[in-house]
Amino acid sequence: HPRIARKFLATHNVSALVTFEMEVWPHWFFAARRTGVPILRVSARWNARARRRYGLFPAAARRVLQCVAWTQAQSDRDADALRRAGCKEVEVGGDLRGLPYFAENGAAPPAKPWAERRGAAFVSFHAHELPQLVAMIREAREENPLIVFPRKPREFRAFLRALAPLGFVAHSADPRAARRVVDRFGLVGKTLRDVRFAVVGGSFGGNDRIGGHNLWEPLLAGCRTAIGPHHENQAWLAERMQAAGNLRIVRDAREWIDFLADKTMRTESENVARDTHAMLKKAAREVLEHVAGAINSQENASQKC
C-alpha cells in the first residue's frame, strides 16, 4: 500500500530506492517520488515479456517509469526499449547477476582438469523443449555421461518418459548411471565442474518469454557451452562468451553435432572468466558509484533543508 511504503521510507530515513533487473513497483516508486527519495534501477532489462505486459497499459507504465531518476540497462537493446517505455536517463552497463559468483565466500571448488572431464549436462530445460533435447541426445552417442536437469520439478516425470527409451533413469534410482534425469536440488554446480559440455535451456522451442537461463555457472565451471537461439535474457554475457570462443548458439541437432566436433573452441574458460570478471567489476563499480553519488546528493540536500 502507498501509505505503508511512504511510512517505511520515512521511518528508516531511506536515501535512495534501488531496484534490480525487472523490478518495477508502482506504489514504492510513487511513494519515493512523493518523499523526495531518488529511484535508481540497475542491471535493468526490458524483455519481450515486459514489453507485452506493460504494452497493454503504455500510459500507466510511462508514468511509473518516469519516476526513475537513473537506469543502468544491461544492453543497448534494453536501453532503447526502456527509453521508449518512458525512462528518462538511461546508460548501458552490464549484467550484474554474476556478482555473487565472484564473492570470496561464494567461490566454487575448482573444476576437474579437462582431461578428466567427461560428458555433457543439459541444464534448466523445460518440458516444451523436449523435442529439441531428444534430437540432440540422439546425436550424442559417444558423449557419456549425459545428465539432464529439468527446470521445474513437476515436469520430471515428463522428462523421464521422453528419455527412458534412450536409456535414461532417475538420478535418485542410480546416481552413477551414464544417462540420468536429475530429480534432486543442488547438483548443478558440482555436475558442471565434472563435464566438458553444458547446454543451457530456456532458450529452445521458440518461447521468448523465458529468454534463456544462467550462463554464469557453466562459464565459471570451465565448460564448453551452448545455448539456443532464444537467449535474450542472457544476451550481455552470451555475446562476450561467444566472442571469447567458448559459447556456441545451437539451433538444431545438426548445429549440436558441429558444436561437439568443434576443436577450435576454448576447452577451458579460466581466461574468459578472468576477463569477464574484470568487466563485471568495472560495471559494478560504476553503478555503485552512481548510486552512492545519488545517496550523498540526497543527504546533502536534506541537511541544507
Side-chain angles (χ1 to χ4, degrees), residues 20-23 41-50 71-82 90-103 106-108 111 120-126 149 151 188-189 191-193 195-204 207-251 255 259 262 265-288:
F20 187 73
E21 286 203 345
M22 296 293 298
E23 301 291 341
R41 295 186 63 209
V42 300
S43 198
R45 293 183 293 122
W46 205 245
N47 59 15
R49 184 178 183 180
T71 300
Q72 175 255 317
Q74 285 191 19
S75 66
D76 290 324
R77 182 176 181 178
D78 287 313
D80 291 340
L82 286 162
V90 183
E91 298 178 15
V92 178
D95 179 357
L96 303 186
R97 281 172 292 187
L99 197 59
Y101 294 104
F102 295 113
F122 300 82
V123 182
S124 294
F125 270 72
H126 295 256
F149 290 84
R151 177 70 175 184
V188 173
T191 300
L192 290 175
R193 294 192 294 273
V195 299
R196 289 191 169 195
F197 302 97
V199 187
V200 179
S203 56
F204 298 87
N207 191 336
D208 62 357
R209 296 183 63 183
I210 299 172
H213 290 302
N214 190 352
L215 282 172
W216 286 102
E217 287 182 308
L219 168 66
L220 297 177
C223 298
R224 290 184 181 178
T225 306
I227 195 168
H230 306 285
H231 58 272
E232 179 180 338
N233 290 347
Q234 308 295 324
W236 184 84
L237 187 54
E239 290 171 3
R240 284 150 181 81
M241 290 175 66
Q242 192 173 19
N246 74 323
L247 177 76
R248 176 75 69 88
I249 310 301
V250 172
R251 296 170 181 81
E255 292 187 357
F259 165 70
D262 189 353
M265 289 191 71
R266 296 279 289 275
T267 57
E268 298 180 17
S269 63
E270 292 176 358
N271 294 333
V272 181
R274 183 196 63 217
D275 296 342
T276 308
H277 186 182
M279 286 189 293
L280 177 68
K281 286 171 63 178
K282 181 176 182 294
R285 186 180 300 112
E286 291 173 353
V287 171
L288 295 175

From Met241 atom CE to Leu215 atom CG, the distance as rounded to the nearest 0.5 Å: 5.0 Å
Interatomic distance, His231 atom NE2 to Gln242 atom CD [nearest 0.5 angstrom]: 7.0 Å
Minimum heavy-atom distance between Asp262 and Arg224, given as atom pair plus value: O-NH1, 3.1 Å
Heavy-atom closest contact (Leu192 atom, Glu217 atom, distance): CD1-CB, 3.8 Å
Inter-residue atom distance Trp46.CH2 - Glu232.CD, 0.5 Å rounding: 12.5 Å
Pairwise distance NE2(His230) to CD1(Ile249) - rounded to 0.5 angstrom: 11.5 Å
Considering all heavy atoms, the nearest Asp78-Gln74 contact: OD2-CB, 3.7 Å
Side chain Ser203, main chain Gly212, donor-acceptor under 3.5 Å: no
Nearest non-hydrogen partners of Ala121 and Thr191, listed with the distance: CB-CG2, 4.1 Å
Test item: Arg41 side-chain N/O and Glu21 main-chain N/O as donor-acceptor pair under 3.5 Å: yes
Considering all heavy atoms, the nearest Val200-Phe125 contact: C-CE1, 4.1 Å
Gap separating the CG atom of Asn233 from the CG atom of Asn214, nearest 0.5 angstrom: 12.0 Å
Spacing of CD belonging to Gln234 relative to OG1 belonging to Thr225, to within rounding of 0.5 Å: 11.5 Å
Check against side-chain contact (heavy atoms from CB on, under 4.5 Å), Cys223 and Arg196: CA-CA 5 Å; Cys223 298; Arg196 289 191 169 195; over 6 Å; no
Asp80: side-chain hydrogen bond (donor to acceptor under 3.5 Å, both in side chains) partners, not counting sequence neighbours: Arg83
Ring geometry between Phe259 and Phe197 (parallel below 30°, tilted from 30 to 60°, perpendicular above 60°): perpendicular
Exercise: identify the closest heavy-atom pair between His126 and Gly202: CD2-CA, 3.9 Å
